[in-house]
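Heads up, the thing below is written out as structure tokens.
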There are 2 protein chains.
Amino acid sequence: MSAVDKAFHGLRHMIATGRLVAGQRIPPEKDLCEELGVSRGSLREAVRMLAALRVIEPRHGSGTYVSQLRPEDIVGSLSLTVDLLPLTGLLQMYELRRVLEAHAAAQAAARLTPETLRVIFEHMEAMEATEDPSNVSALDHSFHAEIARIGGNPTLESLLGVFRARSRAYQVFTLPEGPHIKRASDEDHRAIATAIANRDPVAAAAAASAHVAHTEKWLHAFLSHVTEADRLSTSD
Amino acid sequence: MSAVDKAFHGLRHMIATGRLVAGQRIPPEKDLCEELGVSRGSLREAVRMLAALRVIEPRHGSGTYVSQLRPEDIVGSLSLTVDLLPLTGLLQMYELRRVLEAHAAAQAAARLTPETLRVIFEHMEAMEATEDPSNVSALDHSFHAEIARIGGNPTLESLLGVFRARSRAYQVFTLPEGPHIKRASDEDHRAIATAIANRDPVAAAAAASAHVAHTEKWLHAFLSHVTEADRLSTSD
DNA sequence: GACAGATGAGATGTCCGATGACTCTGTAGG
DNA sequence: CCTACAGAGTCATCGGACATCTCATCTGTC
């Protein structure tokens with residue numbers, strides 16, 4: 001086993017066995033090097049690995065701390081990597097997203113409060129009132145994020161946020177059929193919001209699932225559009 | 001921005017923009033240090049971060065390569081961290097697992113082949129025939145993994161594998177009511193397998209969902225049992 | 001000519017030492 | 001009582017040196 005692996009698994013074991021608990025400051029690098037039997041450089045590489053996985057948090061000048069180890073934080077570590085996935089992988093994630101968005105919408109319908117309902121409709125109506133792509137994108141995010149939040153499961157909320165961030169990178173509204181997509185999207189959102197307002201989990205799930213499926217279809221169109229443009233430009 | 005961040009985002013940008021593609025060997029450390037303007041130590045820490053996220057793979061003596069960037073690999077990076085989550089977080093993950101296992105079972109029912117059906121029943125019957133906890137645990141894993149595989153979505157398969165690995169750490173069959181749990185678990189598995197054999201996605205989803213809910217209940221019992229034991233032992 | 005082993009360049013892995021930058025605390029001064 | 005500052009402790013960064021591994025090439029033998 002390499003020195004970095006030794007340090008990585010050593011630290012991980014300290015957390016797994018409860019010797020280091022959430023929020024605690026871990027011993028300084030000098031002490032850990034001695035205990036784990038590795039050099040400072042190797043230890044630091046192991047620390048960075050755990051930091052990338054959101055398990056520990058180094059703070060310059062203060063020390064290195066174990067994170068709160070919330071599942072939503074751990075899941076959030078995927079946010080730095082999903083942007084790098086090729087398109088074939090993105091489609092697999094859409095299948096997950098469809099199922100999970102449906103569940104989140106159903107839970108939101110069951111757990112709704114009057115205040116949150118007002119927020120959802122505000123976002124939806126603001127979205128209907130604008131055509132600016134970046135505004136639409138931001139409001140779309142707020143709309144779905146609020147629904148996920150009401151669902152009551154921060155881990156699910158975080159995971160859906162990761163999926164959605166990747167999709168937002170594509171501006172499907174800039175397509176020739178953008179206006180049509182925008183209208184269809186508005187209708188989807190209203191269907192979801194209405195179902196939630198009616199406290200109808202089944203209808204909310206169905207509407208959310210359909211919305212994701214539509215998004216997937218539009219994304220396909222967008223991608224074939226840009227690849228076509230690439231093909232033409234590179235054939236010059 | 002710190003030197004490590006500069007190297008991390010620099011590398012990530014090279015992959016995101018397609019300058020480095022999946023499977024390709026990245027330039028040697030010396031060249032990257034010069035281009036990114038950081039020392040070799042800082043670059044190595046950034047490389048380790050991306051390696052922890054399964055984006056690149058250093059190979060001693062050969063070079064560092066961009067991974068295949070399959071979503072199932074990226075999701076697999078969670079396997080090193082879910083073991084560290086506290087119990088409160090585990091319950092949130094069970095809600096996701098319930099939904100996703102149900103979907104995987106439904107998909108398996110729709111995409112079943114005769115050969116895979118045989119494998120599923122073999123695992124199930126072997127499980128029914130043994131009481132040894134470690135055997136049961138291994139067969140339980142094989143049973144569910146095969147169903148997830150048939151589902152046809154490697155990303156979902158990988159994510160469910162991550163969730164299941166954490167649950168397997170608890171040996172619920174060692175409880176006083178272990179035999180009862182074992183029988184109930186066997187019945188759950190038979191219900192899932194039968195629904196899949198009947199190509200009934202709805203029944204398969206319902207059975208899988210119920211099974212996860214049962215697992216969650218038993219886990220609760222197990223945890224209150226061990227914490228009770230802890231309370232008694234520490235009060236001596 | 002074909003195969004096996006030796007060899008060398010090139011790459012990552014590891015360690016060491018020194019210095020810089022930042023945080024926090026305790027203390028002296030107002 | 002509050003502020004300002006000095007110092008210790010900690011992480012951040014750099015440069016260099018050597019070890020270890022991989023792979024392509026060369027070389028010798030058969």
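Source: prediction; values computed, not measured. What's counted below: heavy atoms across the whole structure, side chains too, no hydrogens, waters or symmetry copies.
Put simply, CD on A:Glu45 is 13 Å from P on D:dA12, counting in whole angstrom units. Rounded to an integer number of Å, the gap from B:Glu34 CD to D:dG15 C1' is 15 Å. For the pair A:Leu36 CG and C:dT14 P, the interatomic distance rounds to 13 Å; values are reported in whole Å. Rounded to whole Å, the distance from CD on B:Glu57 to P on C:dG13 is 12 Å.
Across the helix from C:dG1-D:dC30 to C:dG30-D:dC1, the helix axis at one end is tilted relative to the axis at the other end by 0° (nearest 10 degrees, each axis from five pairs).
A salt bridge links B:Glu146 with B:Arg149: the closest approach of a Lys/Arg side-chain nitrogen to an acidic carboxylate oxygen falls below 4.0 angstrom. Salt bridge B:Arg40/B:Glu29: present, at least one basic N to carboxylate O contact under 4.0 Å.
Remark: B:Ser158 engages B:Glu72, B:Val75 in a side-chain contact (heavy atoms from CB on, under 4.5 Å) (not counting sequence neighbours). Qualifying side-chain hydrogen bond (donor to acceptor under 3.5 Å, both in side chains) partners for B:Thr113, counting only residues two or more places apart in sequence or in other chains: B:Thr116. Evaluation of the side-chain contact (heavy atoms from CB on, under 4.5 Å) rule for B:Val21 yields B:Gln24 as partners, not counting sequence neighbours. Residues satisfying the side-chain contact (heavy atoms from CB on, under 4.5 Å) test with B:Val47, not counting sequence neighbours, are B:Leu11, B:Leu43, B:Ile56, B:Pro58, B:Thr64. Remark: B:Arg111 pairs with no residue by the side-chain hydrogen bond (donor to acceptor under 3.5 Å, both in side chains) rule, at least two apart or across chains. Looking at residues two or more places apart in sequence or on another chain, you find a side-chain hydrogen bond (donor to acceptor under 3.5 Å, both in side chains) between B:Glu101 and B:Arg97, B:Arg164. Evaluation of the side-chain hydrogen bond (donor to acceptor under 3.5 Å, both in side chains) rule for B:Asp83 yields A:Arg12 as partners, not counting sequence neighbours.
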Its contact letters, B for base, S for sugar-phosphate only and - for none at protein heavy atoms under 4.0 Å, make nucleotides 4-12 of chain C read ------BBB

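Counting only residues at least two apart or in different chains, ring-ring contact (aromatic ring centres under 6.0 Å, His included) contacts with residues 136-160 of chain B comprise B:Phe143-B:His189, B:His144-B:His189, B:His144-B:His211.
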Please tabulate, one pair per line, all N/O donor-acceptor pairs under 3.5 Å involving side-chain atoms of residues 31-38 of chain A, not counting sequence neighbours.
residue: A:Glu35; atom: OE1; partner: A:Arg19; partner atom: NH2; Å: 2.9
residue: A:Glu35; atom: OE2; partner: A:Arg19; partner atom: NH1; Å: 2.6
residue: A:Glu35; atom: OE2; partner: A:Arg19; partner atom: NH2; Å: 3.2

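Of the side-chain N and O atoms in A:Ser42, one or more sit less than 4.0 angstrom from OP1 or OP2 of C:dC15.
The residue among A:Ala3 and A:Tyr65 whose nearest nucleotide of DNA chain C is located toward the 5' end is A:Ala3.
Near-neighbour residues of DNA chain D inside residues 4-11 of chain A, defined by a heavy atom below 4.0 Å, are absent.
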